[in-house]
Amino acid sequence: MNSSLLELAKLHFNNVQTTFQISLRSLSRWWKDLGLGEQYSSFARDRLVESFFWAAAVTSEPQFGRCQEAVTKAIQFISTIDDIYDVYGTVDELELFTNAADRWDLKAMEQLPEYMKTCFLALYNSINEIGYEILKEEGHNVIPYLRNAEELKRGDAPKSILCYMHEAGVPEEVARDHIMVIFRETWKKLNEYLVECSPLPPEFINYAMNVGRASYFTYKQGDGFGDPDSEQKKRYMSLFAEPLQVDEAKGI
């Protein structure tokens, strides 16, 4: 082992961690200013750090800080709106919200109940702001894609383990082992794309692989997004808050 390279890697990790901390502070101010976390605290998940993890895991390079912040905002909105649909809103209210989002029109907001108006306006302004910055700098209109990413659907998505338990009539441990077999086989298929010739850009393939890696990290031991346990929280702390110790005597 080359100890100098190890110390250099630690320095690089700490530098990247510092850029993550800057982004997290900016995102925390944004989320606090919106006020949705406080307004919906009785039923909605406040998962800003977990949302940022997904964004940073897919595009970890520090030069993509603005991309990470935009993706984090989208994921946090998805989580909040998902809780409105699954936990709090009535069917009539949710139909009104879906209609307003489909129309993407502030006039439609007037039909919403008061607690939904703030969410829709925050969503509308944030998505349009992100879209404006990208259009101005890159020349691409991404607002339609950001709107579609909000996944305005009522009801929980079927859980793979629970579905297999019901279909096969097996206990959770057996179902979990079965899903892990499927997971490993899927990873083999994904790994083939890393060595095969593909018409897709290598950067796209890598980012797609990172989605799978982030998913494995988040859900291997349970719901690390919706209900992270103490071990998962320790992992987030080690990534974003705790720098590695560097041996200054190495002279790097």
Side-chain angles (χ1 to χ4, degrees), residues 9-88 118-119 122-123 125-127 129-130 133-134 142 146 149-152 156-157 159 206-245:
K10 291 179 180 179
L11 284 170
H12 177 69
F13 175 89
N14 291 346
N15 287 335
V16 174
Q17 187 183 74
T18 299
T19 66
F20 287 161
Q21 291 170 353
I22 293 172
S23 293
L24 276 169
R25 283 195 290 269
S26 174
L27 287 163
S28 295
R29 288 192 297 269
W30 164 79
W31 186 239
K32 182 178 180 180
D33 290 343
L34 284 185
L36 296 183
E38 181 178 356
Q39 181 181 355
Y40 299 152
S41 61
S42 63
F43 66 88
R45 295 164 293 178
D46 194 334
R47 294 292 183 266
L48 193 66
V49 173
E50 290 83 355
S51 298
F52 180 74
F53 164 76
W54 274 85
V58 175
T59 55
S60 60
E61 296 89 338
Q63 65 266 31
F64 295 138
R66 294 188 65 180
C67 173
Q68 293 158 9
E69 291 190 23
V71 173
T72 300
K73 292 177 181 180
I75 295 174
Q76 179 59 67
F77 268 118
I78 289 172
S79 176
T80 299
I81 293 172
D82 183 62
D83 288 337
I84 291 176
Y85 273 67
D86 288 343
V87 179
Y88 196 77
T118 52
C119 181
L123 174 68
N125 288 339
S126 296
I127 294 301
E129 181 181 1
I130 294 170
E133 293 296 331
I134 294 175
V142 300
L146 291 171
E150 299 308 316
E151 299 176 341
L152 301 179
D156 286 331
K159 309 299 189 296
N206 185 56
Y207 295 150
M209 293 287 290
N210 286 344
V211 173
R213 296 179 180 118
S215 178
Y216 184 78
F217 175 89
T218 303
Y219 296 110
K220 180 181 179 182
Q221 302 298 334
D223 188 353
F225 183 90
D227 187 24
D229 59 18
S230 59
E231 289 301 315
Q232 192 77 349
K233 291 178 181 178
K234 287 180 182 178
R235 296 187 186 104
Y236 291 133
M237 287 292 292
S238 68
L239 284 171
F240 300 133
E242 299 170 354
L244 298 175
Q245 296 299 314

Between the side chains of Arg66 and Glu69, is the shortest nitrogen-to-carboxylate-oxygen separation below 4.0 Å, so that they form an ion pair?
no

Would you check if [X] and [Y] make a side-chain contact, meaning some heavy-atom pair closer than 4.5 Å?
{"X": "Asp82", "Y": "Arg45", "answer": "yes"}
{"X": "Phe225", "Y": "Phe53", "answer": "no"}
{"X": "Tyr88", "Y": "Asp83", "answer": "no"}
{"X": "Gln76", "Y": "Glu50", "answer": "no"}
{"X": "Gln232", "Y": "Phe217", "answer": "yes"}
{"X": "Val58", "Y": "Val71", "answer": "no"}
{"X": "Asp46", "Y": "Trp31", "answer": "yes"}
{"X": "Tyr40", "Y": "Ile84", "answer": "yes"}

For the student: nearest non-hydrogen atoms of [X] and [Y], plus distance:
{"X": "Ile75", "Y": "Ala55", "value": "CD1-N, 4.5 Å"}
{"X": "Ser238", "Y": "Phe13", "value": "O-CZ, 3.6 Å"}
{"X": "Gly65", "Y": "Ser23", "value": "O-OG, 4.4 Å"}
{"X": "Pro62", "Y": "Thr19", "value": "CB-OG1, 3.7 Å"}

Surrounding CD of Gln63 (heavy atoms of other residues, nucleotides or ligands, distance under 6.0 Å), is the total greater than 12?
yes

Partner set under ring pair (Phe, Tyr, Trp, His ring centres under 6.0 Å) for Phe20, not counting sequence neighbours
Phe52, Phe240

So that I know where these two stand, are Trp54 and Tyr236 an aromatic pair - ring centroids less than 6.0 Å apart?
no

Go through the steps to decide whether Gln39 and Thr118 satisfy the test side-chain contact (heavy atoms from CB on, under 4.5 Å), and finish with yes or no.
CA-CA 9 Å; Gln39 181 181 355; Thr118 52; 2.9 Å; yes

Do the side chain of Gln17 and the main chain of Glu242 share a donor and acceptor less than 3.5 angstrom apart?
yes

Inter-residue atom distance [X].[atom1] - [Y].[atom2], 0.5 Å rounding:
{"X": "Ser230", "Y": "Arg235", "atom1": "OG", "atom2": "CZ", "value": "9.0 Å"}
{"X": "Phe43", "Y": "Asp86", "atom1": "CZ", "atom2": "CG", "value": "11.0 Å"}
{"X": "Ile130", "Y": "Asn125", "atom1": "CD1", "atom2": "CG", "value": "11.0 Å"}
{"X": "Asn14", "Y": "Lys10", "atom1": "CG", "atom2": "NZ", "value": "9.5 Å"}
{"X": "Thr80", "Y": "Leu123", "atom1": "OG1", "atom2": "CG", "value": "10.0 Å"}
{"X": "Asn210", "Y": "Ser60", "atom1": "CG", "atom2": "OG", "value": "6.5 Å"}

Please evaluate residues Leu48 and Trp30 with respect to the criterion side-chain contact (heavy atoms from CB on, under 4.5 Å), reporting the C-alpha separation (whole Å), side-chain torsions for both, the decisive distance (0.1 Å), and the verdict.
CA-CA 10 Å; Leu48 193 66; Trp30 164 79; 4.2 Å; yes

